Amino acid sequence: MRVVRLLILLLVTIITPSLASAQTYPSAQDPRTNLKPGRFDAGVAASNMRLVSFSKKPAQFDTVRGLTFINSDLAFGTHFVYQANFAGFTIWDITDTAKPTLASVVECITSQGDPSVVGNLLFISAEGAGNRNDCGKGGVQDPKDHMAGVRIFDVTNPKAPKLVKNVQTCKGSHTHTVVPSPTDANIIYLYVSGQSAARPETELAGCKNGTDPADPTNSLYQLDIIKVPLNHPEQAVVIPGARIFTGLDGGGTCKQFCMPVNPNRAAGGRGGRGGAPGDAAAPAAAPAPTGPRNCHDVTAYPALHLLSASCSTHAILVDISNPEKPVRLDALADTNNFQGRHTAAFSNDGKKTIQTDEWGGGTGPMCQASSMKELGGNTIISIDAKKKQAQHGYFKLPAAQSAEENCVSHNGGIIPVPGRDLYVQGWYQGGIDVMDFTDQDNAFEIAYFDRGSIDPPAGADVPVGAMAGQAAGARRGSGTIGGSWGAYYWNGMVYSSELDRGLDILELTPSAQLSANEIAAAKLVTFTEYNPQSQPKMTWPAAFVVVRSYLDQLVRGSGLAADRTSAIAAALDAAEMKSGAARAAALNALATQVDGDVKGAKDGARVKTMAGEIRRLAAAK
């Protein structure tokens with residue numbers, strides 16, 4: 001999220017793009033349209049997922065004084081969920097997902113608090129002028145007390161976390177990503193992202209602003225890198241950064257799906273979004289670099305030694321085989337206004353990425369009926385064998401939201417359904433959405449969970465009792481920023497960090513678009529730890545539900561003749577009733593029959609994969 005001044009937010013919200021070529025929202029009523037507003041009693045609409053539990057924000061953070069106390073992102077370890085907040089973090093014990101319990105609440109002003117957990121260490125991003133080394137409130141009075149970088153906590157005892165070290169960086173840390181060393185299990189690297197200018201050298205030695213991307217002494221135009229020995233986190237140190245921006249030009253002038261230029265600002269500027277007013281009488285200055293100088297977020301895929309960076313105008317693909325010397329492989333920019341790249345994710349096979357666009361910075365209602373679908377959503381990018389990227393289709397939440405709901409594409413992660421590319425993500429007050437991007441040109445929605453706006457519409461009568469239990473002046477009457485910051489699938493459940501309300505835990509339910517077998521197969525993939533921006537490789541054990549997942553997909557997509565899918569289903573049922581050598585023989589015979597189906601099938605590739613899974617199941621002990 002970018003913290004945007006209210007005046008700018010209102011301007012962006014009020015000006016409505018009107019292009020004949022832009023997609024429009026469906027005119028038909030959606031169950032998510034016109035839900036009852038309310039903080040804890042809002043109307044709810046859900047499809048193909050159910051709410052398992054909701055846990056309110058702890059009292060220490062239960063206010064909306066600007067953005068100071070909003071919840072942010074999540075990290076996962078053993079049976080704990082680490083929920084960050086701009087003013088600290090909460091550790092939830094989710095041993096019973098139906099009844100999470102508080103392990104601890106740590107008050108520590110650390111906007112925005114992006115978290116990762118590795119073993120007994122919790123890493124928290126700190127950016128902004130108000131963070132102090134001692135975690136205290138009241139702002140920074142002396143520059144030597146300023147903390148901007150990454151905090152390291154020891155969470156060996158989740159009930160009593162201990163601050164180990166504040167690792168200071170020149171630009172602070174808006175977000176960070178864990179990159180494990182491929183050669184030393186005791187070493188991890190934190191790739192640090194953020195768009196801030198460098199701090200004064202008088203505050204932190206070695207910091208320097210500049211305009212030359214190739215200048216190695218320039219603190220800008222690089223991702224900072226922190227090297228952390230896990231057995232001695234107090235020895236964590238900033239090392240030379242990742243200079244992946246050198247030689248990149250800007251995204252170019254917007255040609256389609258363009259946000260209108262603010263008439264109070266001069267034309268031009270990066271990406272055609274408008275520039276600052278100029279003085280016609282002033283001498284012309286040397287042109288500033290137009291390419292990106294940092295990223296909002298980067299997502300690593302350590303198993304493939306790849307990193308996908310979301311860097312304003314560019315989607316950058318990086319080789320991280322040597323995390324201390326990353327190499328840019330490709331950089332993709334487009335000439336529409338999809339130039340606020342925010343977060344990335346890989347498909348499990350690494351052949352596609354998702355790039356999200358946080359149009360309006362996360363605090364504006366960018367999912368209204370009049371909003372463009374090409375802005376504020378996702379785009380799908382393919383990666384070829386030479387590691388070159390190509391942009392494909394768009395996806396945006398397909399239900400218009402109200403003017404009271406801040407809504408735009410935000411953070412999410414992959415759901416491990418074999419044979420499909422599914423992505424669950426938060427859309428702030430647009431709720432939680434699951435996108436199928438198996439077809440890179442035609443992504444579509446398969447599940448959602450949404451609440452009504454926190455605030456009532458402007459001018460609505462608010463019952464006297466509606467604010468009961470809230471301290472006087474604790475909440476604004478309008479403009480409350482809330483909704484799902486990020487939604488992630490971890491070990492069978494979907495977890496969502498609700499900015500204003502608390503923590504949601506949900507479960508996928510079977511439907512025509514997602515079968516019970518596919519849901520069961522996803523639950524076979526488990527991880528002790530999960531940091532969404534350090535994406536794990538997902539693998540499935542040999543299992544009947546895995547084979548049946550492919551079969552369900554063939555039936556759904558008419559990828560194989562109905563008589564054959566019925567026969568295969570019956571053969572699987574019969575084989576499952578057997579055991580030992582008899583089961584293996586039946587499965588191997590079935591695999592041979594399925595081999596014969598490949599050539600004439602509409603979806604021969606999926607049939608071939610299913611035959612392989614049947615053989616793998618036959619070989620399982």
Side-chain angles (χ1 to χ4, degrees), residues 1-9 60-61 63-73 83-90 106-116 122-153 163 165-177 190-204 207-209 219-220 222-224 226 238 241 293-298 310 312 340 342-343 358 360-363 406 410-411 428 481 485-486 497 499-500 533:
M1 171 181 283
R2 308 181 195 103
V3 180
V4 182
R5 292 186 182 275
L6 183 59
L7 181 61
I8 298 174
L9 169 61
Q60 294 90 326
F61 301 146
T63 180
V64 286
R65 193 179 72 206
L67 299 176
T68 306
F69 294 96
I70 64 169
N71 289 326
S72 57
D73 222 341
Q83 184 177 32
N85 185 285
F86 276 44
F89 59 89
T90 303
V106 175
E107 296 181 82
C108 182
I109 301 299
T110 312
S111 61
Q112 63 182 10
D114 193 49
S116 294
L122 177 67
F123 303 92
I124 299 287
S125 285
E127 181 185 57
N131 307 319
R132 290 169 32 165
N133 288 320
D134 64 0
C135 286
K137 301 176 182 178
V140 175
Q141 312 305 321
D142 187 330
K144 68 176 174 46
D145 297 327
H146 183 207
M147 167 53 196
V150 176
R151 301 189 194 270
I152 304 177
F153 287 86
L163 181 62
K165 184 173 185 176
N166 291 316
V167 184
Q168 303 277 4
T169 64
C170 286
K171 303 185 296 293
S173 174
H174 193 66
T175 63
H176 70 268
T177 297
L190 304 179
Y191 276 42
V192 179
S193 302
Q195 300 282 3
S196 296
R199 300 153 76 174
E201 190 169 15
T202 53
E203 181 176 311
L204 186 62
C207 296
K208 175 186 173 183
N209 287 299
S219 302
L220 306 182
Q222 69 171 3
L223 298 174
D224 293 324
I226 300 172
V238 178
R293 73 180 195 189
N294 215 303
C295 304
H296 184 282
D297 226 322
V298 301
S310 305
S312 299
H342 179 280
T343 306
E358 195 184 37
T363 56
N406 58 300
H410 212 231
N411 294 356
Y428 292 117
I481 303 302
W485 177 285
S497 179
L499 281 77
D500 179 57
Q533 278 71 54

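A quick note: this is a predicted structure, and the numbers were derived from the prediction, not measured.
The line from CZ of Arg293 to OG of Ser196 is 8.0 Å long, rounded to the nearest 0.5 Å. The CD atom of Glu127 sits 7.0 Å away from the OG atom of Ser111 when rounded to the nearest 0.5 Å. The CG atom of Leu223 sits 10.5 Å away from atom OG of Ser173, with the distance rounded to the nearest 0.5 Å. Residue Ser125 holds its OG atom at 7.5 Å from CD of Gln112, rounded to the nearest 0.5 Å. We find the CG-CG distance between Asp134 and Leu163 to be 9.5 Å, quoted to the nearest 0.5 Å. The structure places CD of Gln83 at 8.0 Å from OG of Ser72, a figure rounded to the nearest 0.5 Å.
If you check the side chains of Thr175 and Gln533, you find no donor sitting under 3.5 Å from an acceptor.
Every salt bridge (charged side-chain N to carboxylate O under 4.0 Å, His left out) that Asp224 has, sequence neighbours left out, goes to Lys171. Applying the side-chain contact (heavy atoms from CB on, under 4.5 Å) criterion to Pro143, with sequence neighbours excluded, gives Glu203.
Listed for the Asn71 side chain is no donor-acceptor partner under 3.5 Å among the backbone atoms of Asp500. Although no hydrogens or angles enter the test, the distance criterion places no donor-acceptor pair under 3.5 Å between the side chain of Asn131 and the main chain of Ala148. A donor-acceptor pair is defined here as one N or O able to donate and one able to accept, closer than 3.5 Å; no such pair exists between the side chain of Asp73 and the backbone of Asp114. At least one donor-acceptor pair closer than 3.5 Å links the side chain of Asn85 to the backbone N or O of Ile70.
Heavy-atom minimum distance, Cys135 versus Phe153: SG-CZ, 4.4 Å. Scanning all heavy atoms of the two residues, the minimum distance from Tyr428 to Glu358 falls at OH-OE2, 2.6 Å. Residues Cys295 and Ser193 come closest through the heavy atom pair O-CB, 3.1 Å. Between His410 and Trp485 the shortest heavy-atom distance is ND1-O, 2.6 Å. In plain terms, the two heavy atoms of Ile226 and Thr169 that are nearest each other are CD1-CG2, 4.1 Å. Residues Val140 and Asp145 come closest through the heavy atom pair CG1-C, 4.4 Å.
Side chains of Thr177 and Asp297 form a contact here, defined as non-hydrogen atoms less than 4.5 Å apart.
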**Message:** Quick one, Asn411 with Thr343, criterion side chain to side chain donor-acceptor pair (under 3.5 Å). Give me CA distance, side-chain angles, the key distance, then yes/no.
**Reply:** CA-CA 7 Å; Asn411 294 356; Thr343 306; 2.8 Å; yes
**Item:** Pair Glu201-Lys208, side-chain contact (heavy atoms from CB on, under 4.5 Å): steps then yes or no
**Value:** CA-CA 7 Å; Glu201 190 169 15; Lys208 175 186 173 183; over 6 Å; no
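Checking Lys144, Arg151, Gln168 one by one against Asn133, the side-chain hydrogen bond (donor to acceptor under 3.5 Å, both in side chains) holds for a single residue, Gln168.
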